[in-house]
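Shown next, in structure tokens, is the structure this report addresses.
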Amino acid sequence: MEILILVLLFYNLLQKVLTSKELISLGKSRLIRMPRRGLILQTRTHWLLLGLALLCSLILFLYLLECAPQTDGNASLPGIIGENYGKEYYQALLQEQEEHYQTRATSLKRQIAQLKQELQEMSEKMRSLQERKNVGANGISYQGNKEQAPSDLLEFLHSQIDKAEVSIGAKLPSEYGVIPFESFTLMKVFQLEMGLTRHPEEKPVRKDKRDELVEVIEAGLEVINNPDEDDEQEDEDGPLGEKLIFNENDFVEGYYRTEKDKGTQYELFFKKADLMEYRHVTLFRPFGPLMKVKSEMIDITRSVINIIVPLAGRTEAFAQFMQNFRDVCIHQDKRIHLTVVYFGKEGLSKVKSILESVASESNFHNYTLVSLNEEFNRGRGLNVGARAWDKGEVLMFFCDVDIYFSAEFLNSCRLNAEPGKKVFYPVVFSLYNPAIVYANLDVPPPVEQQLVHKKDSGFWRDFGFGMTCQYQSDFLTIGGFDMEVKGWGGEDVHLYRKYLHSDLIVIRTPVPGLFHLWHEKRCADELTPEQYRMCIQSKAMNEASHSHLGMLVFREEIETHLHKQAYRTNSEAVG
């Protein structure tokens, strides 16, 4: 019907045009009747115009048929073949995409505003430095910074990276000069600096910190998915030959620390679940925009760790240690060599029996037992264990018998130690006395259930430097442990200071997969009064949290209060 109306309208328009032409002709001939030949020509013209109108109508009709939308409400909408999607599905899909892009746009606007503000502050600082420089050049003495202000903002930002301890280690006077890292995952931040009101594990993460870390992870993904020519990584293809793209679910772990006069450093590690290689990205925020330092691929598939354990007695603790070793190193990791350095004769046969039993049950023979018939000395044992390996370069993990570690920690050990470049000093989470922590239970839960990062269950042992991952070549180059140091534990600090005085980078950060199991600490009678007092203080720190110790101290006062409350309740009931 609509097509017919269009045809009639088109024909009527042609008639009007023709009529106008006839009137003009009639006016020119002064209304003289046209001859018969003109009538024939006029008739042919009408048929010709009618044919043109029909042809145009046909073309228009075919065009409308081609472009007309489907009117069937139950027709299948575009989507997966064989499935019908309703209008609601596409509305929800469009709404979801719109919300995603709005969130992304908001994030980008926030980042742009932040960068503008930081650039403005940097420009003002540079202008101030330039003015001071000009004043000094005009003869006025200036006692400020003698360094010349950089001529360009980008040059200044790069100079901040050069000043920071990112690419090369800084020589520090003591262990107190180390700026430790804090570690994080997508959901948690493991805090090292904490007071009585802070927790060792922050979850959920505070919003400002979460926004910062999300921005950093996104920047790391941008670096990996769009590498520069100078990046130390090769393009990889996925299983179907497509370009390998990383996303936030591939983020494994990260570390960050802030040097207050330079900026914040971020170390990020990514890994695809079906690949063995890790991607490592280093970012730096020099109180300005994030700047890429490097991007590289780390292959740890062939990295063997030599776990060295010095031991004297404590066979029950060693049996528990080997249970953890069997579960993690033999059944999961499978790239481990165990070196046990045993002091004395008593208990040696028991240790041999435990090792042989594990070897026969699990078909594990990558272990070495070194026997020293002398008094226990931890530094001496680790020195001997480190030199017992003669199969070339190897990564070493100095470990104690009361340490529990996970497979994830072993990978962290591999990722954060590099020969000639970096040594890894993880901060251990030390568990409190389970008899106090779980006093409300008849029996403390199994060890595996005690491995939680809670304020009342333990603390970050940030004053301990005994657990460390380093390559044998670095250990031998630095000179190993100082055997002149007497007393328990002092050799660890001296080795730590040696690395701080070298050009190696010391990675110091709390790690979630490393626990120090509680064991009773004995203070010997031979100690001096000062040493005994310090021993008791250390014992108290390892015994229980501040609140639990307070409950023990005020136990009598609490019991007296409860008796008074019970007496008052009984008196009111009788009355």
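- Aromatic ring pairs are classed by plane angle as parallel below 30°, tilted from 30° to 60° and perpendicular above 60°; the pair His516 and His519 is tilted.
- Across every non-hydrogen atom of Gln472 and Met396, the tightest pair is CA-CE, 3.7 Å.
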Subject >> Step-by-step side chain to side chain contact (heavy atoms under 4.5 Å, CB included) determination, Cys469 to Asn416 >> reply: CA-CA 8 Å; Cys469 297; Asn416 291 284; over 6 Å; no
**OP:** Determine, step by step, whether Glu253 and Ser412 satisfy the side-chain hydrogen bond (donor to acceptor under 3.5 Å, both in side chains) criterion, reporting the C-alpha distance in whole Å, the side-chain angles of both residues, the deciding distance to 0.1 Å, and the verdict.
**Re:** CA-CA 9 Å; Glu253 62 181 359; Ser412 299; 3.1 Å; yes
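- For Glu267 and Gln265, the side-chain atoms include at least one donor-acceptor pair closer than 3.5 Å.
- Using a cut-off of 4.0 Å between Lys/Arg side-chain N and Asp/Glu carboxylate O, Asp456 and Lys454 are scored as not salt-bridged.
- Between Phe269 and His280, the ring planes lie parallel to each other; the angle is under 30°, not in the 30° to 60° tilted range.
- Listed by first and then second residue, the ring-ring contact (aromatic ring centres under 6.0 Å, His included) pairs involving residues 345-368 are Phe325-Phe364 (not counting sequence neighbours).
- Aromatic ring orientation, Trp460 versus His453: parallel (interplanar angle below 30°, classes split at 30° and 60°).
- Ring pair Trp389/His337 is perpendicular by interplanar angle, where above 60° counts as perpendicular and below 30° as parallel.
- Remark: Lys272 is positioned above the aromatic ring of Phe246, its terminal NZ or CZ atom under 6.0 angstrom from the ring centre and at most 45 degrees off the axis.
- Ring pair Phe481/Phe475: centre-to-centre distance below 6.0 Å.
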Subject >> Evaluation steps, side-chain hydrogen bond (donor to acceptor under 3.5 Å, both in side chains), between Gln323 and Asp327 >> reply: CA-CA 6 Å; Gln323 178 64 42; Asp327 296 340; 3.2 Å; yes
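- Side-chain contact between Phe459 and Pro200: absent, with no pair of heavy atoms (C-beta onward) separated by less than 4.5 Å.
- Looking at Tyr256 and Glu182, their side chains do bring a donor and an acceptor atom within 3.5 Å of each other.
- A donor-acceptor pair under 3.5 Å is formed between the side chain of Lys498 and the backbone N or O of Gly480.
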